[in-house]
Participant: 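Sharing a structure, written as structure tokens. Questions coming.
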Amino acid sequence: MEEEKKNNFLEDIIEADLAAGKFDTIITRFPPEPNGYLHLGHAKSLCINFGLALKYGGKTNLRYDDTNPTKEDVEYVDAIKEDIKWLGFQWAEERYASDYFDQLYEWAEQLIQRGLAYVDDQTLEEMRANRGTVETPGTDSPWRNRSVEENLRLFREMKAGKYPDGAKVLRAKIDMAHPNMMFRDPILYRIKHAHHHRTGDKWCIYPMYDYTHGQCDSIEHITHSICTLEFDIHRPLYDWFIETLGIYPSHQYEFARLNLTYTLMSKRKLLELVEKGIVSGWDDPRMPTLCGVRRRGYTPEALKMFCDRIGVSKRDQLMDIGLLEYCVRQDLNERSNRYMVVSDDPIKISITNWEPGRVEWFEAPLNPAAPDGPKRRVPFTGELLIDRADFMEDAPKKYFRLRPGGEVRLKYTYIVKCEDVVKDASGKVVELRCTYDPLTHPASGQWRSVKGTIHWVSTAFAKEIECRLYDRLFTLEDMSQVPEDKDYKDFLNPESLVVKTGWAEPALLDDPGTLAVQFERVGYFKKDPDSTPDRLVMNKTTQLKDSFKL
Ligand code: ATP
Ligand code: MG
């Protein structure tokens with residue numbers, strides 16, 4: 001019997017709100033700042049926001065938090081949409097904080113008229129110094145008691161472009177001794193003579209996050225504005241603006257952000273990795289970005305399974321990246337096509353009792369979960385390649401792969417016996433002379449089993465491919481614990497990318513490449529866009545097995 005899933009705290013809140021008749025329907029939003037690509041942390045936020053709307057028959061808006069023109073770009077706007085669609089979510093409305101700049105400005109004038117905002121000429125340093133500390137109250141700005149008329153005139157002049165960047169700001173006039181530092185006359189507007197990717201040169205003053213977010217939620221009638229824990233100290237201010245302006249009462253709720261072992265998810269640092277050329281781009285398969293993990297072969301299904309398993313908590317935790325990889329394997333194990341690929345530096349097998357030139361084609365299922373489903377054709381010939389790791393000269397008793405005088409089944413085909421080992425001058429094994437047992441053809445009806453089955457490819461038919469083997473990008477388990485005297489870049493893993501050659505069965509080249517495939521007995525690999533008609537490039541998604549246990 002399926003265990004009924006317990007509600008998370010957000011579901012409890014929503015159900016109580018709906019039961020109390022507070023709303024007919026819920027509206028959530030996903031509010032990315034278009035200053036970078038989405039990462040796995042955003043996937044969690046997306047799953048929560050869209051997941052709740054789906055569960056309760058509501059809707060989710062995509063709203064770009066585009067109040068910082070110097071850091072933002074349309075490249076990011078487009079990429080974010082692509083990533084959300086890839087995850088399989090559809091937003092109700094595409095909005096931008098900048099759509100509301102006129103309204104926000106009007107509200108700012110309203111606050112000035114009501115004596116609740118003033119223009120401050122202090123420098124940022126002065127403001128910081130006068131803010132006080134948690135223990136000590138701040139000091140009022142010398143400009144705090146300007147008249148409404150003067151404030152209005154100055155604010156309009158700020159808007160008209162009369163002053164350079166940093167010359168003035170508009171602040172709310174609340175309380176410089178407030179125990180919550182957020183209330184010590186927060187900045188509402190700053191001057192920034194910068195071109196905006198949507199509003200062009202219309203504005204040279206831009207609203208601050210705290211002054212923008214809640215009002216945008218309110219305009220869109222967002223019922224549940226869900227964000228990460230670090231915003232909990234902003235919530236009272238979020239409420240203050242909404243109450244003071246007397247507008248639609250959206251509410252903010254906080255959940256723990258996703259942190260993953262061996263992974264960094266700050267956009268600023270990810271941007272640095274890209275700009276310094278430490279990775280090949282935002283979509284480098286080692287990046288925790290959605291475009292990176294997509295290129296690596298992770299699936300939306302796996303990411304959703306992962307988000308579902310980690311749940312929604314109110315306490316920050318470091319999640320094991322092994323759990324994410326486990327979810328990827330779970331999904332790919334069910335759905336991926338199988339192929340045999342022999343690694344770099346293989347050993348040649350000659351079948352001495354095979355008729356020279358003979359080719360026998362075997363049929364193998366593309367996916368063992370569907371033995372009667374689509375098949376691939378695998379050619380068997382007198383000369384084959386196997387992984388060097390599948391042969392051992394002085395093998396221990398429990399070694400079930402090939403050894404001198406031993407037998408093994410070559411997957412989908414015959415049992416072969418190693419009769420003779422050929423070495424080069426340095427003593428390296430270069431060839432195994434084997435015989436095959438024709439009676440062991442899988443369809444012969446004379447099944448005989450051996451302990452080991454190994455994968456192989458026919459030399460004549462093998463295709464040389466490039467395999468990009470990835471490991472974690474960082475060596476430190478908890479990347480929030482980088483010591484003071486070190487930089488996060490000191491923990492880059494020098495072996496996060498190793499390129500090897502592989503020898504693939506020919507059917508791999510006909511695979512559509514849309515989903516990662518399984519290299520049998522090795523791992524999952526996804527076709528990379530760097531592939532050309534002459535050379536297939538495969539990204540290792542994850543290994544087949546891991547020590548990770550649920
Ligand atoms: P970063 O710190 O990486 O720049 P951010 O919070 O500034 O991230 P935004 O574009 O502002 O990025 O985020 C959009 C939404 O995604 C926000 O609601 C934010 O709280 C959420 N989000 C960002 N990072 C995470 C994370 N690691 N886990 C869960 N949610 C996240
Ligand atoms: Mg942000």
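Remember, it's 1-based here, ligands and their atoms both numbered in the order they're listed.
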Participant: Flag Lys44 as yes when one of its N or O atoms lies below 3.5 Å from any N or O atom of ligand 1, and as no otherwise.
Facilitator: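 Looking only at distances, the answer is no, because the N/O contact criterion of under 3.5 Å is not met.
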Participant: Taking Arg184 for its side chain and His178 for its backbone only, find out whether a donor-acceptor pair lies under 3.5 Å.
Facilitator: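 Yes, the answer is positive, given that a donor and an acceptor are paired below the 3.5 Å cut-off.
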Participant: Yes or no: does Phe231 have any heavy atom under 4.0 Å from an atom of ligand 1?
Facilitator: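 It does not, in that no heavy atom of Phe231 comes within the 4.0 Å cut-off of ligand 1.
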Participant: So if I count the atoms of ligand 1 from 1 in the order they appear, which ones are less than 4.0 Å from some heavy atom of Ser266?
Facilitator: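 In order of number, 3 (O).
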Participant: Can you name the residues that form a side chain to side chain donor-acceptor pair (under 3.5 Å) with Ser531, not counting sequence neighbours?
Facilitator: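 Testing Ser531 for side chain to side chain donor-acceptor pair (under 3.5 Å), a comparison that skips the adjacent residues, returns none.
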Participant: From the options Arg29, Lys267, Lys269, select the one whose nearest heavy atom is closest to atom 7 (O) of ligand 1.
Facilitator: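 Nearest option to atom 7 (O) of ligand 1, by heavy atoms: Lys267.
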Participant: Classify the contact between His39 and ligand 1 as side chain, backbone, both or neither, using a heavy-atom distance cut-off of under 4.0 Å.
Facilitator: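 Near ligand 1, His39 shows its side chain, while the N, CA, C and O stay back.
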Participant: Both conditions, 6.0 Å and 45 degrees, for the charged tip of Lys314 above the ring of Phe255: are they met here?
Facilitator: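 No cation-pi geometry.
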Participant: Should the pair Arg294-Asp83 be classified as a salt bridge under the 4.0 Å nitrogen-to-oxygen rule?
Facilitator: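 Salt bridge flag = yes for Asp83 with Arg294.
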Participant: Do Arg257 and ligand 1 have an N or O pair less than 3.5 Å apart?
Facilitator: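 Yes: some nitrogen or oxygen of Arg257 is under 3.5 Å from one in ligand 1.
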Participant: Report yes if the side chains of Asn35 and Tyr64 come closer than 4.5 Å at any heavy-atom pair, otherwise no.
Facilitator: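 They are not in side-chain contact.
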Participant: Considering only heavy atoms, does Phe30 approach ligand 1 within less than 4.0 Å through its side chain, its backbone, both, or neither?
Facilitator: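 Answer for Phe30: side chain.
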Participant: Ignoring hydrogens and geometry, is there a side-chain-to-backbone donor-acceptor pair from Arg171 to Asp185 under 3.5 Å?
Facilitator: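 Indeed, once roles are kept as given, a pair shorter than 3.5 Å links the two residues.
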Participant: Consider every N or O of Glu33 and every N or O of ligand 1, then say whether any pair is closer than 3.5 Å.
Facilitator: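 N/O-N/O distance under 3.5 Å: yes.
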Participant: Do any nitrogen or oxygen atoms of Cys227 lie less than 3.5 angstrom from nitrogen or oxygen atoms of ligand 1?
Facilitator: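 Between Cys227 and ligand 1 (N or O atoms, distance only) the closest approach is not under 3.5 Å.
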Participant: Under 4.0 Å from a heavy atom of Gly41: give me the atoms of ligand 1 that qualify, with their elements.
Facilitator: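 Atoms satisfying the 4.0 Å criterion: 25 (C), 26 (C), 27 (N), 28 (N), 29 (C), 30 (N), 31 (C).
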Participant: Do you see a donor-acceptor pair shorter than 3.5 Å between the side chains of Ser496 and Arg286?
Facilitator: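 Indeed, the side chains of Ser496 and Arg286 share at least one donor-acceptor pair under 3.5 Å.
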Participant: As a check for students: among Asp65, Leu264, Leu258, identify the option with a heavy atom nearest to atom 28 (N) of ligand 1.
Facilitator: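 Going through Asp65, Leu264, Leu258 one by one, Leu258 has the nearest heavy atom to atom 28 (N) of ligand 1.
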Participant: Suppose we call two aromatic rings close when their centres sit under 6.0 Å apart. Are Phe30 and Phe50 close by that rule?
Facilitator: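 No, ring centres 6.0 Å or more apart.
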